[in-house]
Each structure stands twice: as C-alpha cells, then as structure tokens.
Amino acid sequence: MNLNKLFLILTGGLILTHGVNSLMMSTPFIGIIIWSFPLTIFFLQAWFKPTARVYQIFSFIILLYFMTACLNVFGPLNARLLSWLELIEIVAVFFVAVYAAREQLRKNYF
C-alpha cells in the first residue's frame with residue numbers, strides 16, 4: 001500500500017475517532033471543529049498535492065496532538081478505549097508521515 005493512501009486512511013480515522021470520543025465526553029461542537037481543523041487542512045493537502053513539506057510540518061504538529069492524547073489516556077484513572085485508540089492512531093500517523101516525507105524526498109531526488 002502506498003504511504004500516501006495509508007496516511008489518508010489513518011488521518012481520516014483519527015479525525016473520526018476523536019469526533020466520536022469527544023461527542024461521548026460531551027465536548028462542545030466548536031471544540032471538535034477547532035481540534036479537527038489543522039488535521040483536515042493537512043489531510044486535504046496530502047490528498048490533492050502531497051509534498052515532503054506537508055508531511056514534515058504535519059509530523060511536528062501531530063506531536064501536540066500526541067501530548068493531549070497522553071494527558072487523556074494517562075491522566076484519568078479509567079481512560080476510555082477510544083482514547084487509547086486515538087493515541088495509537090496518532091503514533092501510527094506520525095511514523096507514516098515521517099516515512100512518507102522521506103519517500104517524497106527520494107522520489108524527487110532520483
């Protein structure tokens with residue numbers, strides 16, 4: 001499977017998982033939109049014009065999401081299963097973005 005397709009699938013799944021988890025925690029709708037907006041922008045950029053720069057910037061931004069997901073998982077005494085799934089998806093999409101950037105750079109170099 002192409003890394004770009006895997007990136008799109010994982011990012012879409014991450015947005016969906018966080019949306020469902022947030023609705024279960026009664027997060028206001030505007031909070032869900034604000035949280036999902038940067039991911040949606042990078043999702044669309046990776047879909048229409050994938051470049052190494054898009055993946056590199058996304059890799060740094062996803063680290064902020066990793067921090068908040070760690071607080072959601074390890075902060076409360078009983079974390080939700082969807083919070084764990086969200087953390088796993090964030091780690092997976094980080095690694096896919098790093099390797100997708102590397103693949104883009106190699107494709108443009110050779």
Side-chain angles (χ1 to χ4, degrees):
M1 180 178 274
N2 188 350
L3 283 176
N4 186 32
K5 289 180 185 177
L6 188 59
F7 176 81
L8 293 173
I9 290 169
L10 286 173
T11 306
L14 176 61
I15 293 169
L16 181 66
T17 302
H18 181 75
V20 171
N21 194 19
S22 296
L23 288 174
M24 289 176 64
M25 292 188 306
S26 301
T27 304
F29 192 65
I30 189 71
I32 299 170
I33 291 174
I34 290 171
W35 188 92
S36 301
F37 184 71
L39 293 179
T40 306
I41 295 297
F42 284 103
F43 177 83
L44 292 174
Q45 285 183 343
W47 189 352
F48 292 118
K49 190 179 175 190
T51 62
R53 186 173 182 207
V54 169
Y55 295 122
Q56 289 169 340
I57 294 170
F58 181 84
S59 297
F60 285 110
I61 290 176
I62 200 71
L63 292 175
L64 296 171
Y65 290 93
F66 176 75
M67 179 185 65
T68 59
C70 284
L71 291 174
N72 288 338
V73 169
F74 300 116
L77 293 176
N78 50 356
R80 296 177 184 264
L81 183 62
L82 284 177
S83 296
W84 279 97
L85 179 62
E86 186 178 336
L87 181 66
I88 292 168
E89 287 175 340
I90 287 172
V91 170
V93 78
F94 172 78
F95 283 117
V96 168
V98 168
Y99 284 113
R102 182 178 176 203
E103 181 182 86
Q104 286 289 327
L105 288 173
R106 283 188 176 193
K107 187 185 335 180
N108 292 337
Y109 185 71
F110 292 111

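FYI, side chains are in, hydrogens and waters are out, and symmetry mates aren't considered; it's all heavy atoms of this structure.
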When you group the ILVMFWY residues by side-chain heavy-atom contacts below 4.5 Å and let the links chain together, are I15 and F95 in the same group? yes
Which atoms form the tightest heavy-atom contact between A69 and I90, and what is the distance? CB-CD1, 3.7 Å
Listed by chain and number, what are the side chain to side chain donor-acceptor pair (under 3.5 Å) partners of E89, not counting sequence neighbours? T17
So which residues get pulled into I41's cluster when ILVMFWY side chains under 4.5 Å apart are joined, directly or through others? F37
Distance (rounded to the nearest 0.5 Å) between K5 NZ and L10 CG: 14.5 Å
Joint cluster assignment, L64 & V96, ILVMFWY side-chain distance < 4.5 Å: no
Are L14 and I32 linked, directly or through other ILVMFWY residues, by side chains that come within less than 4.5 angstrom of each other? no
List, by chain and then residue number, the residues other than F29 in its hydrophobic cluster (Ile/Leu/Val/Met/Phe/Trp/Tyr, side-chain heavy atoms under 4.5 Å); write none if there are no others. I33
Looking at residues at least two apart in the chain, or sitting in another chain, which of them share a side chain to side chain contact (heavy atoms under 4.5 Å, CB included) with T68? W35
Looking at Y65 and P38, what are the two nearest heavy atoms and their distance? OH-CG, 3.3 Å
Name all residues meeting the ring pair (Phe, Tyr, Trp, His ring centres under 6.0 Å) criterion together with F94; count only those two or more places apart in sequence or in a different chain, and write none if there are none. none
For residues 44-62, dump all side-chain donor-acceptor pairs below 3.5 Å to protein atoms at least two apart in sequence or in another chain.
{"residue": "T51", "atom": "OG1", "partner": "V54", "partner atom": "N", "Å": "3.4"}
{"residue": "Y55", "atom": "OH", "partner": "N4", "partner atom": "OD1", "Å": "2.6"}
{"residue": "S59", "atom": "OG", "partner": "Y55", "partner atom": "O", "Å": "2.8"}

Which other residues end up in the same hydrophobic cluster as I34, if Ile, Leu, Val, Met, Phe, Trp and Tyr are linked when side-chain heavy atoms come under 4.5 Å apart? I30
Kindly list each side-chain donor-acceptor pair under 3.5 angstrom involving residues 75-88, sequence neighbours excluded, with atom names and distances?
{"residue": "S83", "atom": "OG", "partner": "N21", "partner atom": "ND2", "Å": "3.1"}
{"residue": "E86", "atom": "OE1", "partner": "H18", "partner atom": "ND1", "Å": "3.3"}
{"residue": "E86", "atom": "OE2", "partner": "H18", "partner atom": "ND1", "Å": "2.9"}

Hydrophobic cluster membership, with links at side-chain heavy-atom distances under 4.5 Å among I/L/V/M/F/W/Y: are V91 and L39 in one? yes
Hey, could you give me the CG/CZ distance between L8 and F42, rounded to the nearest 0.5 Å? 13.5 Å
